[in-house]
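Contents: one structure, followed by commentary.
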Amino acid sequence: MSDTIEKIKCLIIGSGPAGYTAAIYAARADMKPIIYTGMQMGGQLTTTTEVDNFPGYPNGTDGTAMMEDLKNQAERFGTQVRFGMITKVELNKEVGGIHKVIVDQTKHIEAQTIIISTGATAKYLGIESEQRLIGGGVSACATCDGFFYKGQEVVVVGAGDTAAEEATYLANICSKVTILVRRDVMRASKAMQHRVNKTKNIEVLYNTEIDEVLGKNVVEGVRIINNQTKETSIINVTGVFIAIGHTPNTDLFKGVLEMDDTGYLITKGKTTKTNLPGVFACGDVQDKDYRQAVTAAGTGCMAALDAERYLGSLE
Ligand code: NDP
(Lines give C-alpha, C1' and ligand atoms only; values in the text may rest on other atoms or scores of the structure.)
Protein backbone atom coordinates (compact mmCIF):
# COMPACT_ATOMS: atom_id res chain seq x y z
CA MET A 1 0.00 0.00 0.00
CA SER A 2 1.46 3.39 -0.98
CA ASP A 3 1.78 5.95 1.84
CA THR A 4 1.16 9.10 -0.19
CA ILE A 5 -2.38 10.33 -0.47
CA GLU A 6 -3.30 12.25 -3.60
CA LYS A 7 -5.76 15.07 -2.85
CA ILE A 8 -7.93 16.22 -5.73
CA LYS A 9 -11.05 18.24 -6.50
CA CYS A 10 -12.83 15.84 -8.80
CA LEU A 11 -12.58 12.11 -9.34
CA ILE A 12 -14.49 10.52 -12.20
CA ILE A 13 -15.02 6.76 -12.11
CA GLY A 14 -15.70 5.16 -15.50
CA SER A 15 -14.80 6.04 -19.07
CA GLY A 16 -17.91 5.78 -21.21
CA PRO A 17 -19.54 8.79 -22.90
CA ALA A 18 -20.86 9.98 -19.52
CA GLY A 19 -17.45 9.89 -17.80
CA TYR A 20 -15.54 11.56 -20.64
CA THR A 21 -18.17 14.27 -21.09
CA ALA A 22 -18.10 14.96 -17.35
CA ALA A 23 -14.30 15.18 -17.66
CA ILE A 24 -14.47 17.68 -20.55
CA TYR A 25 -16.76 19.98 -18.56
CA ALA A 26 -14.94 19.53 -15.24
CA ALA A 27 -11.55 20.18 -16.84
CA ARG A 28 -12.82 23.33 -18.56
CA ALA A 29 -14.14 24.49 -15.18
CA ASP A 30 -10.60 24.08 -13.79
CA MET A 31 -11.55 21.22 -11.48
CA LYS A 32 -8.49 19.25 -12.67
CA PRO A 33 -10.38 15.97 -12.91
CA ILE A 34 -8.77 12.58 -12.79
CA ILE A 35 -10.68 9.81 -14.51
CA TYR A 36 -10.15 6.14 -13.75
CA THR A 37 -11.20 4.16 -16.78
CA GLY A 38 -12.04 0.77 -15.30
CA MET A 39 -11.06 -2.43 -17.10
CA GLN A 40 -13.07 -1.66 -20.24
CA MET A 41 -11.56 1.64 -21.31
CA GLY A 42 -14.21 3.50 -23.32
CA GLY A 43 -17.10 1.47 -21.93
CA GLN A 44 -19.85 -0.41 -23.73
CA LEU A 45 -19.46 1.49 -27.02
CA THR A 46 -16.15 -0.21 -27.62
CA THR A 47 -18.04 -3.49 -28.02
CA THR A 48 -20.15 -2.12 -30.86
CA THR A 49 -18.97 -1.55 -34.40
CA GLU A 50 -20.45 1.50 -36.12
CA VAL A 51 -22.19 4.31 -34.29
CA ASP A 52 -24.61 6.09 -36.57
CA ASN A 53 -26.82 7.90 -34.08
CA PHE A 54 -24.43 10.15 -32.14
CA PRO A 55 -24.98 13.73 -33.33
CA GLY A 56 -22.03 15.30 -35.09
CA TYR A 57 -20.90 12.31 -37.15
CA PRO A 58 -22.77 12.66 -40.47
CA ASN A 59 -21.10 9.55 -41.87
CA GLY A 60 -21.24 7.57 -38.63
CA THR A 61 -18.16 6.49 -36.73
CA ASP A 62 -16.63 3.46 -35.13
CA GLY A 63 -17.50 3.00 -31.41
CA THR A 64 -13.87 2.60 -30.36
CA ALA A 65 -12.76 5.57 -32.47
CA MET A 66 -15.51 7.73 -31.00
CA MET A 67 -14.43 6.91 -27.45
CA GLU A 68 -10.82 7.72 -28.41
CA ASP A 69 -12.05 11.11 -29.70
CA LEU A 70 -13.88 11.77 -26.42
CA LYS A 71 -10.79 10.77 -24.43
CA ASN A 72 -8.56 13.07 -26.50
CA GLN A 73 -11.02 15.91 -26.04
CA ALA A 74 -11.04 15.39 -22.26
CA GLU A 75 -7.23 15.29 -22.20
CA ARG A 76 -6.96 18.45 -24.30
CA PHE A 77 -8.40 20.41 -21.38
CA GLY A 78 -6.11 18.78 -18.83
CA THR A 79 -8.00 15.70 -17.64
CA GLN A 80 -5.70 12.98 -16.40
CA VAL A 81 -6.94 9.69 -17.82
CA ARG A 82 -5.65 6.71 -15.86
CA PHE A 83 -6.18 3.01 -16.41
CA GLY A 84 -7.25 1.39 -13.15
CA MET A 85 -10.08 0.17 -10.97
CA ILE A 86 -11.44 1.82 -7.88
CA THR A 87 -11.49 -1.07 -5.43
CA LYS A 88 -12.83 0.63 -2.28
CA VAL A 89 -14.75 3.79 -1.42
CA GLU A 90 -15.32 5.53 1.88
CA LEU A 91 -17.85 8.25 1.14
CA ASN A 92 -18.37 11.16 3.51
CA LYS A 93 -21.91 12.05 4.63
CA GLU A 94 -21.11 15.67 5.58
CA VAL A 95 -21.42 18.65 3.24
CA GLY A 96 -17.85 19.60 2.32
CA GLY A 97 -16.53 16.24 3.60
CA ILE A 98 -13.69 14.48 1.84
CA HIS A 99 -14.37 11.20 0.04
CA LYS A 100 -11.69 8.53 0.20
CA VAL A 101 -11.04 5.90 -2.42
CA ILE A 102 -8.48 3.20 -3.04
CA VAL A 103 -7.29 2.42 -6.56
CA ASP A 104 -6.20 -1.11 -7.47
CA GLN A 105 -5.94 -1.90 -3.76
CA THR A 106 -2.82 0.23 -3.46
CA LYS A 107 -3.22 3.91 -4.18
CA HIS A 108 -5.11 6.33 -1.91
CA ILE A 109 -7.03 9.31 -3.27
CA GLU A 110 -9.02 11.91 -1.38
CA ALA A 111 -11.54 13.79 -3.50
CA GLN A 112 -13.86 16.70 -2.79
CA THR A 113 -16.28 15.47 -5.44
CA ILE A 114 -16.84 12.11 -7.11
CA ILE A 115 -18.68 11.59 -10.37
CA ILE A 116 -19.80 8.00 -10.83
CA SER A 117 -20.12 6.88 -14.45
CA THR A 118 -19.47 3.17 -14.08
CA GLY A 119 -22.24 2.23 -16.52
CA ALA A 120 -24.11 -1.00 -16.83
CA THR A 121 -23.14 -4.30 -18.35
CA ALA A 122 -25.41 -6.08 -20.80
CA LYS A 123 -26.13 -9.64 -19.82
CA TYR A 124 -25.31 -12.31 -22.36
CA LEU A 125 -26.24 -15.99 -22.52
CA GLY A 126 -22.62 -16.97 -22.04
CA ILE A 127 -22.44 -19.71 -24.67
CA GLU A 128 -19.17 -19.92 -26.64
CA SER A 129 -20.61 -19.26 -30.12
CA GLU A 130 -22.50 -16.16 -28.87
CA GLN A 131 -19.41 -14.71 -27.19
CA ARG A 132 -17.26 -15.34 -30.28
CA LEU A 133 -19.72 -13.52 -32.57
CA ILE A 134 -20.25 -10.37 -30.49
CA GLY A 135 -19.66 -7.59 -33.02
CA GLY A 136 -20.13 -10.11 -35.85
CA GLY A 137 -23.91 -10.19 -35.73
CA VAL A 138 -24.50 -10.67 -31.99
CA SER A 139 -25.47 -7.45 -30.26
CA ALA A 140 -27.10 -6.32 -27.03
CA CYS A 141 -28.40 -3.04 -28.45
CA ALA A 142 -31.01 -2.84 -31.21
CA THR A 143 -30.98 0.96 -31.30
CA CYS A 144 -27.21 0.91 -31.85
CA ASP A 145 -26.92 -1.92 -34.36
CA GLY A 146 -30.41 -2.62 -35.76
CA PHE A 147 -29.88 -0.45 -38.82
CA PHE A 148 -27.19 -2.81 -40.14
CA TYR A 149 -29.83 -5.55 -40.52
CA LYS A 150 -32.15 -3.58 -42.75
CA GLY A 151 -34.39 -5.95 -44.73
CA GLN A 152 -32.86 -9.00 -43.03
CA GLU A 153 -34.16 -11.60 -40.56
CA VAL A 154 -33.07 -11.41 -36.92
CA VAL A 155 -33.86 -13.01 -33.57
CA VAL A 156 -34.30 -11.30 -30.21
CA VAL A 157 -33.68 -13.31 -27.05
CA GLY A 158 -35.58 -12.27 -23.92
CA ALA A 159 -39.08 -11.73 -22.66
CA GLY A 160 -39.04 -8.48 -20.72
CA ASP A 161 -39.84 -4.91 -21.74
CA THR A 162 -36.44 -4.49 -23.37
CA ALA A 163 -36.93 -7.55 -25.58
CA ALA A 164 -40.43 -6.39 -26.56
CA GLU A 165 -39.22 -2.85 -27.24
CA GLU A 166 -36.18 -3.98 -29.23
CA ALA A 167 -38.30 -6.40 -31.27
CA THR A 168 -40.84 -3.73 -32.23
CA TYR A 169 -37.99 -1.33 -33.06
CA LEU A 170 -36.31 -3.97 -35.24
CA ALA A 171 -39.61 -4.90 -36.91
CA ASN A 172 -39.60 -1.46 -38.55
CA ILE A 173 -36.19 -2.15 -40.08
CA CYS A 174 -35.96 -5.90 -40.59
CA SER A 175 -38.03 -8.21 -42.75
CA LYS A 176 -38.80 -10.55 -39.85
CA VAL A 177 -38.10 -10.65 -36.12
CA THR A 178 -38.40 -13.83 -34.08
CA ILE A 179 -38.51 -13.45 -30.30
CA LEU A 180 -37.17 -16.44 -28.38
CA VAL A 181 -38.85 -16.74 -24.97
CA ARG A 182 -37.50 -19.36 -22.58
CA ARG A 183 -40.73 -19.82 -20.61
CA ASP A 184 -44.32 -20.13 -21.82
CA VAL A 185 -45.06 -16.49 -20.99
CA MET A 186 -43.46 -13.11 -21.53
CA ARG A 187 -42.62 -10.97 -18.53
CA ALA A 188 -43.04 -7.71 -20.50
CA SER A 189 -45.91 -5.38 -19.59
CA LYS A 190 -49.28 -6.13 -21.17
CA ALA A 191 -49.06 -2.97 -23.28
CA MET A 192 -45.68 -4.00 -24.70
CA GLN A 193 -46.90 -7.53 -25.37
CA HIS A 194 -49.91 -6.11 -27.16
CA ARG A 195 -47.60 -4.10 -29.43
CA VAL A 196 -45.57 -7.22 -30.15
CA ASN A 197 -48.65 -9.30 -30.94
CA LYS A 198 -50.12 -6.79 -33.34
CA THR A 199 -46.86 -6.34 -35.28
CA LYS A 200 -47.21 -8.55 -38.33
CA ASN A 201 -43.55 -9.40 -38.91
CA ILE A 202 -42.84 -10.48 -35.31
CA GLU A 203 -43.16 -14.13 -34.36
CA VAL A 204 -42.84 -15.26 -30.74
CA LEU A 205 -41.52 -18.75 -30.03
CA TYR A 206 -42.16 -19.85 -26.43
CA ASN A 207 -40.20 -22.45 -24.44
CA THR A 208 -37.38 -21.79 -26.87
CA GLU A 209 -33.70 -21.15 -26.28
CA ILE A 210 -30.60 -20.74 -28.40
CA ASP A 211 -28.56 -23.90 -28.53
CA GLU A 212 -25.87 -22.44 -30.76
CA VAL A 213 -25.23 -19.34 -32.84
CA LEU A 214 -24.10 -20.50 -36.26
CA GLY A 215 -21.36 -18.93 -38.37
CA LYS A 216 -17.58 -18.63 -38.27
CA ASN A 217 -16.92 -14.88 -38.39
CA VAL A 218 -20.45 -13.56 -38.88
CA VAL A 219 -23.84 -14.85 -37.83
CA GLU A 220 -25.43 -17.16 -40.39
CA GLY A 221 -28.23 -18.56 -38.26
CA VAL A 222 -29.20 -19.96 -34.88
CA ARG A 223 -29.92 -23.49 -33.79
CA ILE A 224 -32.82 -23.32 -31.36
CA ILE A 225 -34.16 -25.88 -28.96
CA ASN A 226 -37.65 -26.28 -27.56
CA ASN A 227 -36.89 -26.88 -23.89
CA GLN A 228 -40.10 -28.93 -23.44
CA THR A 229 -39.89 -31.30 -26.41
CA LYS A 230 -36.07 -31.03 -26.83
CA GLU A 231 -36.64 -30.64 -30.57
CA THR A 232 -34.02 -28.55 -32.34
CA SER A 233 -34.32 -26.54 -35.53
CA ILE A 234 -32.38 -23.87 -37.43
CA ILE A 235 -33.50 -20.33 -38.24
CA ASN A 236 -31.52 -18.50 -40.89
CA VAL A 237 -30.87 -15.06 -39.43
CA THR A 238 -28.03 -12.59 -39.76
CA GLY A 239 -28.55 -10.78 -36.45
CA VAL A 240 -28.96 -12.01 -32.87
CA PHE A 241 -30.07 -9.42 -30.33
CA ILE A 242 -29.67 -10.44 -26.72
CA ALA A 243 -32.14 -8.54 -24.53
CA ILE A 244 -32.03 -10.37 -21.22
CA GLY A 245 -31.31 -7.35 -19.05
CA HIS A 246 -28.42 -5.23 -17.85
CA THR A 247 -26.54 -5.19 -14.58
CA PRO A 248 -25.61 -1.73 -13.30
CA ASN A 249 -22.01 -1.59 -12.11
CA THR A 250 -22.76 -0.50 -8.57
CA ASP A 251 -21.31 -3.24 -6.33
CA LEU A 252 -18.80 -0.75 -4.95
CA PHE A 253 -21.59 1.46 -3.61
CA LYS A 254 -23.95 -1.14 -2.11
CA GLY A 255 -25.19 -0.10 1.32
CA VAL A 256 -23.69 3.39 0.85
CA LEU A 257 -25.58 5.06 -1.98
CA GLU A 258 -29.32 4.85 -2.58
CA MET A 259 -30.26 2.39 -5.32
CA ASP A 260 -33.51 1.09 -6.74
CA ASP A 261 -34.44 -2.56 -6.34
CA THR A 262 -32.44 -3.50 -9.44
CA GLY A 263 -29.27 -1.78 -8.27
CA TYR A 264 -29.39 1.43 -10.35
CA LEU A 265 -28.22 4.54 -8.48
CA ILE A 266 -30.99 6.97 -7.60
CA THR A 267 -30.43 10.62 -8.47
CA LYS A 268 -32.47 13.49 -7.10
CA GLY A 269 -35.09 15.06 -9.36
CA LYS A 270 -33.63 16.51 -12.53
CA THR A 271 -30.10 16.58 -11.08
CA THR A 272 -27.27 14.04 -10.91
CA LYS A 273 -27.01 14.33 -7.11
CA THR A 274 -26.95 11.10 -5.14
CA ASN A 275 -28.00 10.92 -1.49
CA LEU A 276 -24.48 11.98 -0.41
CA PRO A 277 -23.15 15.53 -0.81
CA GLY A 278 -20.41 15.85 -3.42
CA VAL A 279 -21.22 12.50 -5.02
CA PHE A 280 -22.90 12.56 -8.44
CA ALA A 281 -24.00 9.85 -10.86
CA CYS A 282 -24.43 9.99 -14.63
CA GLY A 283 -24.92 7.69 -17.58
CA ASP A 284 -26.29 4.15 -17.57
CA VAL A 285 -25.44 3.56 -13.91
CA GLN A 286 -28.45 5.73 -13.06
CA ASP A 287 -30.56 5.24 -16.21
CA LYS A 288 -32.23 2.02 -17.24
CA ASP A 289 -34.72 3.64 -19.60
CA TYR A 290 -32.75 5.47 -22.32
CA ARG A 291 -29.25 3.96 -22.26
CA GLN A 292 -27.95 5.90 -25.26
CA ALA A 293 -24.48 7.37 -25.72
CA VAL A 294 -25.96 10.81 -26.27
CA THR A 295 -28.16 10.71 -23.16
CA ALA A 296 -25.22 9.41 -21.14
CA ALA A 297 -23.08 12.27 -22.44
CA GLY A 298 -25.86 14.73 -21.53
CA THR A 299 -25.99 13.54 -17.94
CA GLY A 300 -22.17 13.57 -17.82
CA CYS A 301 -22.29 17.27 -18.60
CA MET A 302 -24.94 17.74 -15.90
CA ALA A 303 -22.83 15.88 -13.32
CA ALA A 304 -19.82 18.13 -13.95
CA LEU A 305 -22.00 21.25 -13.66
CA ASP A 306 -23.58 19.90 -10.45
CA ALA A 307 -20.11 19.16 -9.04
CA GLU A 308 -18.84 22.62 -9.99
CA ARG A 309 -21.83 24.29 -8.31
CA TYR A 310 -21.37 22.13 -5.23
CA LEU A 311 -17.69 23.17 -4.94
CA GLY A 312 -18.73 26.79 -5.50
CA SER A 313 -21.25 26.55 -2.65
CA LEU A 314 -18.48 25.52 -0.25
CA GLU A 315 -16.40 28.65 -0.84
P1 NDP B 1 -35.91 -7.93 -17.27
O2 NDP B 1 -35.04 -8.39 -16.15
O3 NDP B 1 -37.23 -7.32 -16.98
O4 NDP B 1 -36.20 -9.16 -18.24
C5 NDP B 1 -35.18 -9.99 -18.66
C6 NDP B 1 -35.82 -11.07 -19.51
O7 NDP B 1 -34.79 -11.87 -20.05
C8 NDP B 1 -36.75 -11.97 -18.71
O9 NDP B 1 -37.93 -12.15 -19.41
C10 NDP B 1 -35.97 -13.27 -18.59
O11 NDP B 1 -36.78 -14.42 -18.69
C12 NDP B 1 -35.10 -13.24 -19.83
N13 NDP B 1 -33.88 -13.98 -19.61
C14 NDP B 1 -32.97 -13.84 -18.62
N15 NDP B 1 -31.94 -14.69 -18.77
C16 NDP B 1 -32.22 -15.40 -19.89
C17 NDP B 1 -31.56 -16.45 -20.56
N18 NDP B 1 -30.39 -16.93 -20.13
N19 NDP B 1 -32.14 -16.96 -21.68
C20 NDP B 1 -33.30 -16.49 -22.13
N21 NDP B 1 -34.00 -15.49 -21.54
C22 NDP B 1 -33.46 -14.96 -20.42
O23 NDP B 1 -34.97 -6.96 -18.14
P24 NDP B 1 -35.36 -5.83 -19.17
O25 NDP B 1 -34.07 -5.33 -19.71
O26 NDP B 1 -36.36 -6.30 -20.13
O27 NDP B 1 -36.01 -4.67 -18.28
C28 NDP B 1 -35.29 -4.12 -17.18
C29 NDP B 1 -36.16 -3.06 -16.51
O30 NDP B 1 -36.28 -1.92 -17.35
C31 NDP B 1 -37.57 -3.56 -16.23
O32 NDP B 1 -38.01 -3.01 -15.02
C33 NDP B 1 -38.37 -3.01 -17.38
O34 NDP B 1 -39.74 -2.83 -17.06
C35 NDP B 1 -37.66 -1.66 -17.62
N36 NDP B 1 -37.82 -1.24 -19.01
C37 NDP B 1 -38.82 -0.38 -19.31
C38 NDP B 1 -39.05 0.02 -20.59
C39 NDP B 1 -40.15 0.96 -20.86
O40 NDP B 1 -40.93 1.20 -19.97
N41 NDP B 1 -40.26 1.47 -22.06
C42 NDP B 1 -38.20 -0.43 -21.70
C43 NDP B 1 -37.18 -1.35 -21.28
C44 NDP B 1 -37.02 -1.72 -20.00
P45 NDP B 1 -37.78 -14.87 -17.51
O46 NDP B 1 -38.99 -14.00 -17.69
O47 NDP B 1 -38.01 -16.31 -17.84
O48 NDP B 1 -37.05 -14.65 -16.22
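Just so it is clear, the values below take in all heavy atoms, side chains as well, and ignore hydrogens, waters and symmetry mates. Each ligand, and each atom within it, is numbered from 1 in the order the structure gives.
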Original post:
Do NZ/NE/NH1/NH2 and the carboxylate oxygens of E130 and K123 come within less than 4.0 Å?
Top reply: no
**OP:** Among all protein heavy atoms, pick the one closest to atom 3 (O) of ligand 1 and tell me residue, atom and distance.
**Re:** R187 CD, 3.6 Å
**OP:** Give a yes or no on whether a salt bridge exists between K71 and D69, defined as a side-chain N under 4.0 angstrom from a carboxylate O.
**Re:** no
Original post:
For ligand 1, which atoms, with element, lie under 4.0 Å from some heavy atom of G245?
Top reply: 23 (O), 25 (O)
Subject >> Protein contact of atom 16 (C) of ligand 1 - nearest heavy atom, named by residue and atom, plus distance >> reply: R182 NH1, 3.3 Å
Subject >> Taking atom 19 (N) of ligand 1 as the reference point, the nearest protein heavy atom with its distance >> reply: L125 CD2, 3.6 Å
Subject >> Protein heavy atom at shortest distance from atom 33 (C) of ligand 1 >> reply: D161 OD2, 3.5 Å
Original post:
Which residue supplies the protein heavy atom nearest to atom 24 (P) of ligand 1, what is that atom called, and how far is it?
Top reply: T162 OG1, 3.1 Å
**OP:** Quickly, which of V285, T267, N275, I266 forms a side chain to side chain contact (heavy atoms under 4.5 Å, CB included) with L257? Name it, please.
**Re:** N275
Original post:
Mind checking what makes side chain to side chain contact (heavy atoms under 4.5 Å, CB included) contact with A293, not counting sequence neighbours?
Top reply: P17, L45, F54, M66
Original post:
Is the shortest distance from a Lys or Arg side-chain nitrogen in K176 or E153 to a carboxylate oxygen in the other one below 4.0 Å?
Top reply: no
**OP:** Can you sort out which atoms of ligand 1 are near A159, meaning under 4.0 Å from one of its heavy atoms?
**Re:** 6 (C), 7 (O), 9 (O)
Subject >> Sub-4.0 Å heavy-atom approach of E209 to ligand 1 >> reply: no
Please list every donor-acceptor pair under 3.5 Å in which a side-chain atom of residues 301-311 meets a protein atom from a residue at least two apart or in another chain.
residue, atom, partner, partner atom, Å
D306, OD2, T272, N, 2.9
D306, OD2, T272, OG1, 2.7
Y310, OH, G96, N, 2.8

Original post:
Nearest protein heavy atom to atom 31 (C) of ligand 1: under 4.0 Å?
Top reply: no
Original post:
Is it true that a side-chain atom of T61 and a backbone atom of Y57 form a donor plus acceptor pair closer than 3.5 Å?
Top reply: no
**OP:** Can you pull out the closest protein heavy atom to atom 5 (C) of ligand 1? Residue, atom name and distance to 0.1 Å, please.
**Re:** I244 O, 3.6 Å
